[in-house]
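Take a look at the structure below.
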Amino acid sequence: MATNPAGGPLEKATQERESVVIRFAGDSGDGMQLTGTRFTSESVLAGNDVGTLPDFPAEIRAPTGTLYGVSAFQINFSNKNVYTPGDDLDALVCMNPAALKTNIADLKQNGILIVDPAEFTSANLRKAEYENNPLEDSSLDKYQVYQVEVTKMTTLALKDTGLPNRSVMRSRNFFALGVVSWLFNRPIEPTLEWIQQRFGKTPVVAEANTLAIKGGYHLGENTDMFASSYEIKPAEIDPGTYRNITGNSATALGFVIAAQKAELPLFLGSYPITPASDVLHELAEYKNYNVYTFQAEDEIAGVGAALGAAFGGALAITTTSGPGMNLKGETMGLAASVELPMVITNIQRAGPSTGMPTKPEQTDLLQAIYGRHGESPLPVIAASTPADCFHAAFEAARIAIRYMTPVILLTDGFLANASEPWLLPSVDDLPGISVDFRTDPQGFFPYLRDEETLARPWVKPGTPGLEHRIGGIEKDYLTGNISYAPANHEQMVRVRHQKVAKITQEIPPTQVKGPEQGKLLVLGWGSTYGAIAAAVEAAQAQGHAVAQAHLRYLNPLPADLGDILSRYEKVLVPEMNMGQLLRLIRADYLVDAVGLNKIQGRPFKVSEVATRIARMLED
Amino acid sequence: MATNPAGGPLEKATQERESVVIRFAGDSGDGMQLTGTRFTSESVLAGNDVGTLPDFPAEIRAPTGTLYGVSAFQINFSNKNVYTPGDDLDALVCMNPAALKTNIADLKQNGILIVDPAEFTSANLRKAEYENNPLEDSSLDKYQVYQVEVTKMTTLALKDTGLPNRSVMRSRNFFALGVVSWLFNRPIEPTLEWIQQRFGKTPVVAEANTLAIKGGYHLGENTDMFASSYEIKPAEIDPGTYRNITGNSATALGFVIAAQKAELPLFLGSYPITPASDVLHELAEYKNYNVYTFQAEDEIAGVGAALGAAFGGALAITTTSGPGMNLKGETMGLAASVELPMVITNIQRAGPSTGMPTKPEQTDLLQAIYGRHGESPLPVIAASTPADCFHAAFEAARIAIRYMTPVILLTDGFLANASEPWLLPSVDDLPGISVDFRTDPQGFFPYLRDEETLARPWVKPGTPGLEHRIGGIEKDYLTGNISYAPANHEQMVRVRHQKVAKITQEIPPTQVKGPEQGKLLVLGWGSTYGAIAAAVEAAQAQGHAVAQAHLRYLNPLPADLGDILSRYEKVLVPEMNMGQLLRLIRADYLVDAVGLNKIQGRPFKVSEVATRIARMLED
Amino acid sequence: MSTEAAVKLTRKDFVSDQDVRWCPGCGDYAILAQVQKIFPELGIPKEKAVFISGIGCSSRFPYYMNTYGFHTIHGRAPAIATGLKVSRPDLHIWLVTGDGDGLSIGGNHLIHALRRNVELKIMLFNNRIYGLTKGQYSPTSELGKVAKSTPMGSADHPLNPIALAMGAEATFIARSIDTEAKHQQETLRRAAAHKGGAFIEILQNCNVYNDGAWEYLKAKDSKADTQLLLEHGKPMVFGKNKDRGIRLNGLTPEVVTIGNGVSTSDLLVHDEHDQTLAYLLGRMTPPNFPTPVGILFSTERPTIESLMNQQIQDAIEKSGPGNIDTLLRRGDVWSVE
Amino acid sequence: MSTEAAVKLTRKDFVSDQDVRWCPGCGDYAILAQVQKIFPELGIPKEKAVFISGIGCSSRFPYYMNTYGFHTIHGRAPAIATGLKVSRPDLHIWLVTGDGDGLSIGGNHLIHALRRNVELKIMLFNNRIYGLTKGQYSPTSELGKVAKSTPMGSADHPLNPIALAMGAEATFIARSIDTEAKHQQETLRRAAAHKGGAFIEILQNCNVYNDGAWEYLKAKDSKADTQLLLEHGKPMVFGKNKDRGIRLNGLTPEVVTIGNGVSTSDLLVHDEHDQTLAYLLGRMTPPNFPTPVGILFSTERPTIESLMNQQIQDAIEKSGPGNIDTLLRRGDVWSVE
Ligand SMILES: Cc1ncc(C[n+]2csc(CCOP(=O)(O)OP(=O)(O)O)c2C)c(N)n1
Ligand SMILES: Cc1ncc(C[n+]2csc(CCOP(=O)(O)OP(=O)(O)O)c2C)c(N)n1
Ligand code: SF4
Ligand code: SF4
Ligand SMILES: [Mg+2]
Ligand SMILES: [Mg+2]
C-alpha cells in the first residue's frame, strides 16, 4: 500500500457505471445501519435514484463476531429508475469474518470485496465457523479483494483525540464509509455536516468520526489501493422536493396527514412488535398534530382502544404484525359489525407463529380477507413501495371514513425498513377527506345508510338527541336494535358485503404497464412491485409482449381486473407466499394463473422474476 | 268437548301417514325442550326414523310471554329415511300466543294447530304483539285448529296432588305431550318410566307429571276432540343397537373413544361459549375415562392448556365457537409450527361478532383454512349430521396424532343440538389409533420426519435422553434448532404444506350418491347434508341426472374431487354462508360452480334446495 | 336535548325504549333501577354519558340506559373504554361487567385500566357464576363449586375481586349489594364523584343458576351480623345489637364482642385512604368475618387521560399546532429541478 | 440417561449445546448461571424438568437449559404450562417470563395460574423495559419513563408485581436480584421446595435499553441501605451498620434508626405467612423505603392439579375405569332386529 510520495491526490482513472449495488455488513455493534443510511443520503444528493434494504438480526445484540450477530445494509444507486435495493452485489464491505461468511454468496463474480484483515483473528474465524482464513486460502479468488486496514488506520487517524481504544473502534464504520464514498465518487460533505449536527454535543466524538471518514476518503484518494474510482451519473428525476423515506415512516405520515385532512384527532392503539413498532415510535413524536399514541397491554387492547376512540369520533388506527393480527380478529369482527371506521395495519413478517420476526413475507393476505369468524368482509389495501406506504395509509383512512368500515392495510417488513426517495406530494393534491358527523336527530337511525356508500351515520357521543346503543349482536337493518329475525340477518350480511363491494367505485382503472394485450401479464401486490417492474421492463426491452399490473386494492378487487386478465395468454403471480392472491383471482375469474412463490423471508430478486418470465415466454 | 259416555275409549279412526313434522313451541319456562326430547324417544321406540331440532332463545329466561322468550323443538318422524328435522310443519303445538306468533308461518296449510285458549289473555296477546285475538278473528282459518284446554285440564288432573298452582303449571307440557302422543299413536309407557327415574326423588312431581301425561292421552282417547289419530309405521331400519344422540354428545364421545383407542388421557382446555359449552359439560362427566376438563380463563388459555397437554403426551382438544376461534388463532399457529397433535373444534354459530349466538351458520370455513398469519396450513374436517359428529371427531383425533398436526373440526349450532338415531358402532370396527412415543435416543432429532406422513416424532417430557427444546421461531429442518436460513425457511414452509397435503392419502374415495355423471352435482359440506340428500333424492326420483357429493375433508380436499366435478355439467354448492366452499373449489379446479346461499341462522329447508335444483335443471 | 347540565333530568330520561330481557327475579334489575335513580342527580347531560359493557347477562345493561352505549365483546370493555376516555375526556364513561367478563377473560384489561387510573366507573356484577352461558362456575365461585362444567366441584381457588383491585392499585374500590338500594346509590354516587377510575363490586343474585349465593348477606334476620358497613373515620361495629366489632391483633383482624373490657375505642377505625387496611378488609370473608361493604379504599392520583392530553397540549405549546407541510419536510429533504 | 434422581448431576448437565444469544453484559446471564448452578442439587432428573417461556429476551431461557423446553408465544406460557402440569403432575415445570410477557400481554394468565396454585415455578425477569422489541416502556417502568414509544414520558402508573401476585393470592412470593448470586440461589431453592406455585420476581438489568434500572439496589456502597433482606422470624434490620429498621405505626411502616430509645425489639419481625404483611412489604418502594428482597410470602393450599387428578381417581374408584361399550350405551338405547 504505497502512499503518494508527493502528498497530493493521485490522478486516478474514473470508470462510469449505470448502477451499483453495494452492501455494508458487519457486527451488530459495528454501526452498519448508520453507515448505510449515510451512504444513501450521499447518493441521493449525488443525484442518483436509490433503493435500500437494511437487514438486521433478531437478536438485540448478539455476542460479537457471531454469524447470527451480523447486521447489513444494502443500497442500489443508479442513473436510471431504481425499483429495488438490487439483486447481486457489485460491492461488499465486510467488517469481520462473520459478515463475510454470511454475505459473500451474494457478491457478483469479480465484484469488489472490502475486508479489514485485522479482524480475521483466529478467535473471530472460529466464531464465524471458518476452518481456514479465507483471506489466505484461494476461496476469494473470483472477487476483487481489497484488504483495507480499517482498524489500524482508524486508530492511526484518531490517535490525537485521546479517545480510549473502545471508542476509537466505534469510528471504524466512518472510516469504511470514507473509503467507499471515495470509491463511488460520493460527496462526504453532507455527512460531515450531519456528524456536526448529530454529535455536536460531544465534540470529541464528532471529531473522531470526522477524522475517520476523512481518513477513509483520503486513503482512496492518496494511495494506489484502488486503481480507479467509479462514477454513477445523476439520474433523470422528476423535479420536485424529495426526501428519503422508509415504509414505516411513510405509513405514519400517511395517517397523520389523513387525520389532518379530515380534521380529526389521530388515535393509535398499539402494542410493540417487530417490524411494526417504529410506526408507534414515530407517531409518538407527533403529539402536536393531535396524535394520541396509546401503548396498550396487548394487541387486543390496542385495537380495542382504537375502536373506542373511533366510537368517540377519532381517526383510529392500530398497527401490528402477524402474531398480533390473530389477536385482533375478534375486535375487528366487532368493528365490522358496528360499522365504525378504523385502519388495522399489518406489517407482515415471516410466519407461521413467531417465525422470523425481522424478515418480510406476504403470507397474511388471505388472513386479512378471511381471518375472522362469520361473514365479516373488510376492505384490504396494500402498499407496494416504501414511499407508497404513505399513499396506501392515506387511502385506507379515507376509505374507512367514507364507508364507515374498518380497513386492513398490508405492508411488510421489507417495505417497513427499506427506503427510497419520495417526491413529496403537495398537500392540496391529496384527496380531501370529509367527515360528516351526524348531529340532526330528525329522522335519525343508527343504521340508516347512505345510498352511495351504504355507510351508516357517524355520531359522536356527546351529541344531544342522538343517544343510541350499538353492539355486536345482529341488528335490525334500520334501527340497529337487537334482531334475531332470520331474514333481517341475511339482509345485514348481504349489505355488509355490498358495502365493501361498493368500494370498487373508488378504485381507479388498473394501470397496466406494457402492451394492452399479449403473451403474459405479471400480476402482483405489495412489496414485490419493484422486482416485478424491473423484470417486466427488462423483458419488454427485449421486445416481449409482457405487461405488469400491480394491485393496491385486494378486497374488493378492481372492477376491470377480470377483463385485463382475459387479455393475456398467461398470467404469472409472483408472491412471497404459497400463492394467496393467486387463489383469489383463480376463484374470482377462473383464470389458470400460475404462481411464482418465494418464502424465504427475503424479497424477490429481479433476476428470479425475470428468469420465470423468460421461462413462461418460452413454454 | 264431549267425553265418552261409556267411559271407555272411543273407537277412533286411524289415518296412516308416511312422515310427520311437528313442533312444540312455548315460553322458555314451558319445558318445550323436554317435551320434544320425550316425544322423540317415544317415536324412536315406535320404530320411526327421526330428526330433531331444538331452537331456543339467546336470553336465559326472557320475561314470560314475550316473543323473544319463545323456545321450540321440532321433530320429523317417518317410516322412511329421515334426513332433516323437516321443512314445513304438519303439526304445531303452541303453549301461548307468542309461540303462535313466531311459529305459525311454518305450519302447512290445513296443518294441525294445537293451542291452549287459556293463555290467550289480553296481557299475553299484548306481549305477543297481537292486536286481535287470533283465536277469534279468522286469521287461523286455513289450519285445523284444536283449542285444547291444557291449563284447565292439567289443573283438574292434578287437583288431588295438593300442589300449588305454580307447580301445577309446570306439568302443562306433559299434558300436551300426552295429547300429541295419543294423536300420533306414540306409546307413553317409556315416558312414564322415564318420569319415575327422573323425578323419583320427588314423588309428588313424578305423580303430577304422570297424571298430566295420562290426562292428555286420555283426552285424545276419550273425547271427540280429534276425529282420528295418525299412524306412522315403523321405518325399515338397519338392525343394531341405537341411541338418539345430539351432535354435541356425539362430538364428546368421538373424542373420548379416540383417546381410549389411543390409550391416552384426553385433555380438554375450553372456555364456555354457546353452542359449544355442552361438549365441555359432557366431557366433565367422563372423568373415569381419564378425561381432564379444564375450564380456562379464556379461549387463549383453553387452547394453550391443550397445547401444553399435547406437549405432555395427551390427546388434547379445545372446543369453542366463532368468537373464540379468533382468539385461538395465534396458539394454533404455534401448534402448527411445533407440530403437536390437537383438535380445535369450532361449533359454528351466526356471526359476525356476537351475531346470533344460538343460531347455526357455516361461515367459519375460510377462517379455519386461512385464519392465521403466515403459511400455517391445518387439516379441516367437518361433520355432516348429529351422529356423524362422532365419526368426524374421532377422525380428527386420529389424523392429528398420525400426522402430528393440529386439526380443525367444524360442526355447527344446528348439529350441536339436533339429534338423530345413531346406530352404535362396534368398538372393533373403529380404526385403531396407534401412538408411537419416541423413546430411543439413537438417531433422534426433534424434526426428523416419518416418510409416509411427514410427521415428526412425539416425545413425552420425562423420557430420558431425549431432552430438547421446541418453539415458534423457524427451525432447522432436522435438528429443530432456531434457524433463520432463507432456504431452510422455504423448505419448512413447504414441508408443512406437504404434510397436510399428504392427508389426501387417508381420504376414502368420495361417495357420489346418484349417477356417475350427468347434469348436476350438488356439492356440500357440514350440516347441509340432510337437506341436500333429501332434495337430491327427490330430484332423482323424478328421473333427473342429479348427484350428491358431501365433503368431510375440507383441507386437503379429496384427490378425486376434481375428476368428479368435471363429470357434471353444472355444480351447485348450497352453503349457510356467502359461498366459502364455493371459492375453494373454484380456485382449485377452475369450475364455474354456483352457490345457493342462505345466511339466516337457520338450516336449509329441503324445499329450498329442491327448488334451486329444479331451476338449475331447467336453465 | 340541550347540552346544559342544568336541565333537570329525571329517572325516566335514562330509561331506554328497549324491553329489559333479564330473567324475572334477576338481581340485575335492582342495579339498573339504582343507576337510573341516581343518574339525574349527577348533573351529567345524558348525551355525555356512555355505558360500555362486555358480554354476559350483566353486560346487556347499556341497552337499557337511554344514553350512548356500546355492548362490545367478552372481556374487552375496559380496553375499548380506555380508548374512548383518553381521546374523549369530556365523556362520563360507565362500564358494566360480570365476574366472568371482568375477571376471567377480561382480567388483564381490568387490572390495566385500574392501574392506569382511567376515569371509568366500573361496576362488576358478581353473581359468582356464568349466567349467560347457563351456569358454569366463574372465577369468583367458591372452591368445590358444583356447576355445569364441574360435576365433581371446581378445583380452583377463587379470585377475590377486591384483593385483585388492590393488587392493581386501583384508586377507588367499593362493594355493595344488589338488594341494598340505598347503600348502592350512595356507593355509586361516591364512585361518580371520585376523580379517577372507580371499581365497584356489586354482589348480585343470579336466581336461575346460582340462587342465594349472597343470601347470608341479605337475610333480614342475619344481615346485621354478616355485613360490616364501612364508614370512613368510624369504628368497625356490626351485629344486630351493634355489639360486635373488628379489632386488630398485630396485622390480623379479629372479631370481638363489645363489653367485658372491650370498648368501641379498641376497634379498628375505618380509614378509606389506608391501602394496607383495604387489602386486609378485602380478605375478610365468611364464615369467620362479616363481609365489608362500602368504600374500602380511595386515593387520588393523576388519570392517564389527563397526562396524555396534557402532553398533547404541551407539545402544541412547544412546537405549535401541527402543519402538514412541516411534517412532510421533516428530516433530510432535497430538491430536484 | 437414567431416570433415577440418585444419579449425581452437575451444572454442566443442564447446559444445552446452544449459543447463548443475549447481549453481552445482560443480567439474564447471571440468572441462567444461578439456575444451572442449583438444578443439580434439586434432585430432579433432567428429563423431568421442563422450562416454558413466552416471548422476550428473558423468554429465550429454555434454549439454554439441557432439559425439556418450550419457547411459546407472547404472554401465554402460564396457560400452556398449566395444561402440561395438570395432565403431567410428575414433571417439574419452571416458567420464565418478563415484565412485558408476564405483566402486560400475559397478566391474566399469570394471575389465574397463581390463584389456581398450579405448581409452576415462575421466574419473572423484571428489567422495567421491553428488551426484545428494542426499548419501549413496560408495565413496571416508572411513571414518566422516556422510552421509544414515550418521548414525553409514559403516562401510566406502573404495576407492582408483588402487589399483583398478592392480589391474586399466590402461595409463594419472592424477590431477588440478578447480581446477587447467593441470594438468588437460596430464593430459587426455596421456590423449588415450595409445595405449590411460586412467583419470583428477579430484578434484572437490561444494559442496552434500561441500563442501571436497579443500580440503586446494587451499588456496593449503598446497597445495604437500599435492600431490606427479609428473613422469617427476624426483625427487619438494614443499613450498612445494621442500625436501621422498619417499625409499624398502626398499619403504616416507617423507617427508624436503632438507638435513641428504639431497639431491635420494636421492629417489625418478618413473618412469611402473614398475608397483610406481605402486601405491605410489597408496596415498600424507594425513595422512602428500602426494597424488600427474599421470601415475602408463603402459604400452602392444594394445587389445582392435585385436586383435578384426585377427582379422576375418585371417579375411577366410584365408577370403575372407563369402558367404551358402557360409554356408547349411555342413555336411552334400543335395538332394531
Ligand atoms: C370470546 C367469547 N368467549 C366466550 C363467550 C361466551 N360467554 C358469554 S357471557 C360469558 C360469561 C358470562 O359470565 P359473567 O361475566 O359472570 O356474566 P353474567 O352472565 O353472569 O352476568 C361467556 C363465557 C363469548 N361471548 N365470547
Ligand atoms: C403477540 C405478540 N405481540 C408482540 C410481540 C413482540 N414482543 C416480543 S417480546 C415483547 C416484550 C418483551 O418484553 P419483556 O417480556 O419485558 O421481555 P424482555 O425482552 O425485556 O426480557 C414484545 C412486545 C410478540 N412477539 N407477539
Ligand atoms: S341467568 Fe342469572 S344473571 Fe342471567 S339474567 Fe338470568 S338470573 Fe340474571
Ligand atoms: S436487550 Fe436488554 S434484556 Fe435483551 S438481551 Fe440485551 S441486555 Fe438483555
Ligand atoms: Mg356472572
Ligand atoms: Mg422486560
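Naming convention: chains lettered A, B, ... in sequence-line order (proteins, then strands); numbering from 1 in each chain. Computed from heavy atoms alone, side chains included, the values below leave out hydrogens, waters and symmetry copies.
Contact record, D:Leu91 with B:Gly462: CD2-N, 4.1 Å, taken as the closest heavy-atom pair. Residues D:Ala315 and B:Lys287 share a closest heavy-atom pair of CB-CB, 3.6 Å. Contact between D:Arg60 and B:Ile473 at its shortest, heavy atoms only, is NH2-CD1, 3.6 Å. Nearest heavy atoms, D:Arg329 versus B:Leu424: CG-CD1, 3.8 Å. The heavy-atom pair separating D:Ser319 from B:Asn288 by the smallest distance is CB-ND2, 3.4 Å. Heavy-atom minimum distance, B:Glu330 versus D:Arg76: OE1-NE, 4.2 Å.
The most heavy-atom pairs under 4.5 Å with chain D, out of B:Pro265, B:Ala301, B:Pro461, come from B:Pro461. Put simply, of B:Gly47, B:Gly312, B:Gly472, B:Gly240, the one with the most heavy-atom pairs under 4.5 Å next to chain D is B:Gly240. Ranked by non-hydrogen atom pairs under 4.5 Å with chain D, the options B:Gln260, B:Lys261, B:Glu297 are led by B:Glu297. Interface check for chain D: of the options B:Ile257, B:Ile245, B:Leu423, B:Asp298, the most heavy-atom pairs under 4.5 Å are formed by B:Ile257. Between chain D and the residues B:Gly304, B:Pro234, B:Pro421, B:Gly471, the largest count of heavy-atom pairs under 4.5 Å involves B:Gly304. Chosen from D:Glu317, D:His74, D:Arg116, D:Gln311, the residue pairing most often with chain B at heavy-atom distances under 4.5 Å is D:Arg116. If you tally non-hydrogen atom pairs under 4.5 Å between each of D:Val86, D:Ile52, D:Asp325, D:Val50 and chain B, the highest count goes to D:Val86.
Note that CG of B:Asn290 and CD1 of D:Ile316 are 5.0 Å apart. Values are rounded to the nearest 0.5 Å. Put simply, OG on D:Ser87 and CG on B:Leu266 are 10.5 Å apart, with the number rounded to the nearest 0.5 Å. Distance CD/B:Glu467 to CZ/D:Phe51: 12.5 Å, rounded to 0.5 Å. Atom CG of D:Asp17 is separated from atom NE2 of B:His468 by 13.0 Å, given to the nearest 0.5 angstrom. Distance check: B:Phe294 CZ to D:Thr82 OG1 gives 5.5 Å after rounding to the nearest 0.5 Å.
In the displayed structure, D:Glu41 atom CD is contacted under 6.0 Å by more than 12 heavy atoms of other residues, nucleotides or ligands.
None of B:Ile300, B:Leu334, B:Val303 except one satisfies the side chain to side chain contact (heavy atoms under 4.5 Å, CB included) rule with D:Ile80; the exception is B:Leu334.
Counting only heavy atoms from C-beta outward, the side chains of B:Tyr286 and D:Arg330 approach each other to under 4.5 Å. Counting heavy atoms from C-beta on, the side chains of D:Leu328 and B:Thr241 never come closer than 4.5 Å. Using a 4.5 Å cut-off on side-chain heavy atoms (C-beta onward), D:Val336 and B:Asp238 make no contact. Counting only heavy atoms from C-beta outward, the side chains of D:His71 and B:Ile470 never approach each other to under 4.5 Å.
Listed for the B:Arg469 side chain is a donor-acceptor partner under 3.5 Å among the backbone atoms of D:Thr67. The backbone N or O of D:Asn323 lies less than 3.5 Å from a partner atom in the side chain of B:Tyr289, making a donor-acceptor pair.
B:Asn481 and D:Tyr63 share no donor-acceptor pair across their side chains, judged by distance under 3.5 Å alone.
When heavy atoms are compared at a cutoff of 4.5 Å, D:Thr326 approaches chain B by way of both its backbone and its side chain. The part of B:Ser41 that comes within reach of chain D is its side chain, from C-beta onward, which places non-hydrogen atoms under 4.5 angstrom from that chain. Proximity to chain D involves both the backbone and the side chain of B:Ile237, based on heavy atoms less than 4.5 angstrom apart. Within the 4.5 angstrom heavy-atom criterion, only backbone atoms of B:Thr293 (N, CA, C, O) approach chain D. Neither the backbone nor the side chain of D:Ile55 has a heavy atom closer than 4.5 Å to any heavy atom of chain B.
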When you look at D:Trp334 and B:Val44, which way does the side chain to side chain contact (heavy atoms under 4.5 Å, CB included) test go after all the steps? CA-CA 8 Å; D:Trp334 71 95; B:Val44 294; 3.3 Å; yes
Side chain to side chain contact (heavy atoms under 4.5 Å, CB included), that's the test. Do D:Val333 and B:Tyr242 meet it? Break it down for me. CA-CA 6 Å; D:Val333 159; B:Tyr242 284 82; over 6 Å; no
Quick one, B:Leu307 with D:Leu84, criterion side chain to side chain contact (heavy atoms under 4.5 Å, CB included). Give me CA distance, side-chain angles, the key distance, then yes/no. CA-CA 8 Å; B:Leu307 181 59; D:Leu84 181 59; over 6 Å; no
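Ring planes of B:Phe311 and D:Phe70: tilted class, angle from 30 to 60°.
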